[in-house]
Amino acid sequence: MIFSLELIKWYSENKRSLPWRNTRNPYLIWVSEIIMQQTRVEQGLPYYHRFISAFPNLKTLANAPLDEVLRIWQGLGYYSRARNIHYAANQIQQDLNGIFPSTYLEILKLKGVGKYTASAIASFAFDEYTPVLDGNVIRFTSRYLGVYGEVAKKENAKTMEDFLLLEIKKSKAPDVFNQAMMEFGALHCTPQNPNCKICIFKINCRAFADNKVNSTPLVKKSAKKQKRFFNYVYFDIENKGIPSTLISKRVQKDIWQDLYELPLLEQEKIKKSDIVDFFHLPKSSEKNLKKQFKIIHQLSHRELHVVFWEYHTSLDVISDTLSPLYEVIPQIKLSQKAFPVPIVSFLNRKEETEKILSLDKNN
DNA sequence: AACACGGGGTG
DNA sequence: CACCCAGTGTT
């Protein structure tokens, strides 16, 4: 039995239809690969369409402001991907005359492109024999070969890479081979309870023979989630008849870098007076500050306790003591900025509430 | 080598 | 709740 022949036969009969599989355009393939990093296909697919609709080619992406790219990326997470792809588009425009690099080593130099993505683009767009080693392929290959040690270790990665390089060469079709490896891992050799009984590779699968499928690949347990405590204040500001509010940009090297947010006080135990003091609000205006609600927002590595407050005022009252960090913006223009998911949820919820209130008033 | 970085689906 | 997804960059 020839491994790659069996694999590609399975692939031709079971593959999903995905938009980036029917193109050789390196830009489109690149966009799809960046969006799909650590992201399930169902989650990333709508973002792929949004992205190429907004930025159909390298030039439109390179010329767009970063804020617009982040707007498209809003809600997808790992926002460094958006910053890096925007940066790399300008790399290509300026350093490479707008010509997309065509070899693995050149593609690897792009910001946000690591070994996996460089291999993927090189094979899909340029037929280079560069095997991909993503989560799906690692799972399938480590089981098939019986790689039971820590997958991140150089030695174990090399065992898998050597095997894959041999097989991709035999396949004579590096693009199809890579797609098929990932698809098999995603659809058949699944993380939990793969259906080994009907697997076309079970005869030669070491983990199956050793009854170690469910414990392979070895994963080290993640560190305990740290908690953070965010207090966001929605300023409801009367400003010459234009309902306005305050936002600021997260410039620190931290979660949600370069996204916008409401004025923030990061502190666990909190009283109204803490907020009034922190934002230099008139002491007498504590009655204008209302706690709205609290949500717990789960990230992979953090547990965010987010409390939303609302403070009613007019611009004259606060303008003198206001930090220049904050930007005054009409409330109706908030949708033009990219916000983290919890803030989007708050703004949507607020909008819904006001819709209902105005309906009540009219009836 | 370990950690930071998002958000959401699955069993 | 644990696990993990078409991973990469930084420390």
Side-chain angles (χ1 to χ4, degrees), chain A residues 15-16 18-21 28-48 70 73-85 87-88 107-124 130-140 150-157 175 177-187 189-194 214-226 228 250 252-259 295-304 306 338-345:
Chain A
K15 66 177 173 184
R16 293 166 290 185
L18 299 173
W20 50 86
R21 281 184 176 158
L28 297 180
I29 292 168
W30 179 40
V31 169
S32 77
E33 290 303 333
I34 300 297
I35 287 179
M36 295 307 151
Q37 287 169 2
Q38 292 293 282
T39 304
R40 282 164 302 99
V41 166
E42 312 83 76
Q43 187 188 0
L45 197 49
Y47 282 88
Y48 173 76
L70 288 168
W73 211 271
Q74 174 177 284
L76 190 56
Y78 282 157
Y79 299 94
S80 64
R81 293 181 292 172
R83 292 194 300 274
N84 290 340
I85 200 173
Y87 181 94
I107 297 168
L108 189 57
K109 292 178 184 167
L110 299 175
K111 198 106 170 173
V113 172
K115 288 174 65 177
Y116 161 75
T117 305
S119 299
I121 300 172
S123 64
F124 300 155
T130 46
V132 294
L133 201 56
D134 76 328
N136 291 314
V137 178
I138 287 171
R139 186 171 53 252
F140 174 24
E150 181 61 55
V151 176
K153 288 207 167 174
K154 267 236 163 66
E155 172 195 348
N156 291 323
D175 54 342
F177 178 85
N178 276 339
Q179 294 281 8
M181 285 297 296
M182 290 193 282
E183 195 76 336
F184 193 82
L187 299 184
C189 199
T190 49
Q192 293 150 29
N193 308 316
N214 276 315
S215 56
T216 309
L218 191 66
V219 289
K220 56 180 186 304
K221 49 184 177 298
S222 50
K224 196 177 178 305
K225 263 189 207 179
Q226 300 295 116
R228 289 177 71 172
R250 288 185 66 88
Q252 326 86 297
K253 201 165 175 181
D254 193 6
I255 56 170
W256 304 326
Q257 185 186 343
D258 290 336
L259 272 64
I295 60 171
I296 296 177
H297 186 74
Q298 299 286 353
L299 305 181
S300 303
H301 62 303
R302 292 286 181 270
E303 185 173 290
L304 305 183
V306 186
F339 294 98
V341 161
I343 295 189
V344 173
S345 305

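Chain letters run A, B, ... following the sequence lines, proteins first, then strands; residues in each count from 1. The analysis underlying the following values was restricted to heavy atoms, covering all of them including side chains, and did not include hydrogens, waters or symmetry mates.
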Check your understanding: Do the charged groups of A:Arg81 and A:Glu33 touch, with an N to O distance under 4.0 Å?
Key -> no
Exercise for review: Run through A:Thr216, A:Val132, A:Leu133 and flag the one making a side-chain contact (heavy atoms from CB on, under 4.5 Å) with A:Ile138.
Suggested key: A:Leu133
Check your understanding: A:Val219 near the nucleic acid: base, sugar-phosphate alone, or nothing, with a heavy-atom cut-off under 4.0 Å?
Key -> sugar-phosphate
Check your understanding: When the ring planes of A:Tyr48 and A:Trp20 are compared, do they come out parallel, tilted or perpendicular, using 30° and 60° as the limits?
Key -> perpendicular
Check your understanding: Under a criterion of less than 4.0 angstrom to any heavy atom of chain A, what are the 5'-terminal and 3'-terminal contacting nucleotides of DNA chain C?
Key -> C:dC4 to C:dT11
Point to revise | Most 5' of A:Pro191 and A:Lys111 on DNA chain C, judged by nearest nucleotide | key: A:Pro191
Check your understanding: Which residues pass the side-chain hydrogen bond (donor to acceptor under 3.5 Å, both in side chains) test with A:Asn156, sequence neighbours left out?
Key -> none
Review point. Are the ring centres of A:Trp73 and A:Tyr47 closer than 6.0 Å?
Key: no
Review point. Do A:Thr130 side-chain atoms and A:Ser119 backbone N/O form a donor-acceptor pair below 3.5 Å?
Key: yes
Check your understanding: Are the charged groups of A:Glu42 and A:Arg40 less than 4.0 angstrom apart, N to O?
Key -> yes
Review point. Looking across every strand, which nucleic acid part, if any, lies under 4.0 Å from A:Val132 by heavy atom: base, sugar-phosphate, or nothing?
Key: nothing
Check your understanding: When you check the gap from the basic side-chain N to the acidic O, do A:Arg228 and A:Asp254 get nearer than 4.0 Å?
Key -> yes
Review point. What is the distance from NZ of A:Lys225 to P of B:dA4, rounded to the nearest Å?
Key: 13 Å
Exercise for review: Indicate, with a heavy-atom threshold strictly under 4.0 Å, whether A:Trp20 touches base, sugar-phosphate, or nothing.
Suggested key: base
Check your understanding: What interatomic distance, in whole Å, is found between P of C:dT8 and the corresponding atom of B:dG9?
Key -> 24 Å
Practice item. Could you work out the separation of C:dC3 and B:dC3 based on their P atoms and round it to a whole Å? Key: 16 Å
Check your understanding: Along nucleotides 5-11 of chain B, 5' to 3', which nucleotides get a B, which get an S, and which get a -, given that the test is a protein heavy-atom distance under 4.0 Å?
Key -> BBBBS-S
Practice item. Looking at every strand, decide which applies to A:Ser32 at a 4.0 Å heavy-atom threshold: base, sugar-phosphate, or nothing. Key: nothing
Point to revise | Sugar-phosphate, base or nothing in reach of A:Arg83, heavy atoms under 4.0 Å | key: nothing
**Study point:** Donor + acceptor pair across side chains of A:Asp175, A:Ser123 (<3.5 Å)
**Key:** no
Check your understanding: In whole Å, what separates the P atom of B:dA4 from that of C:dA6?
Key -> 24 Å
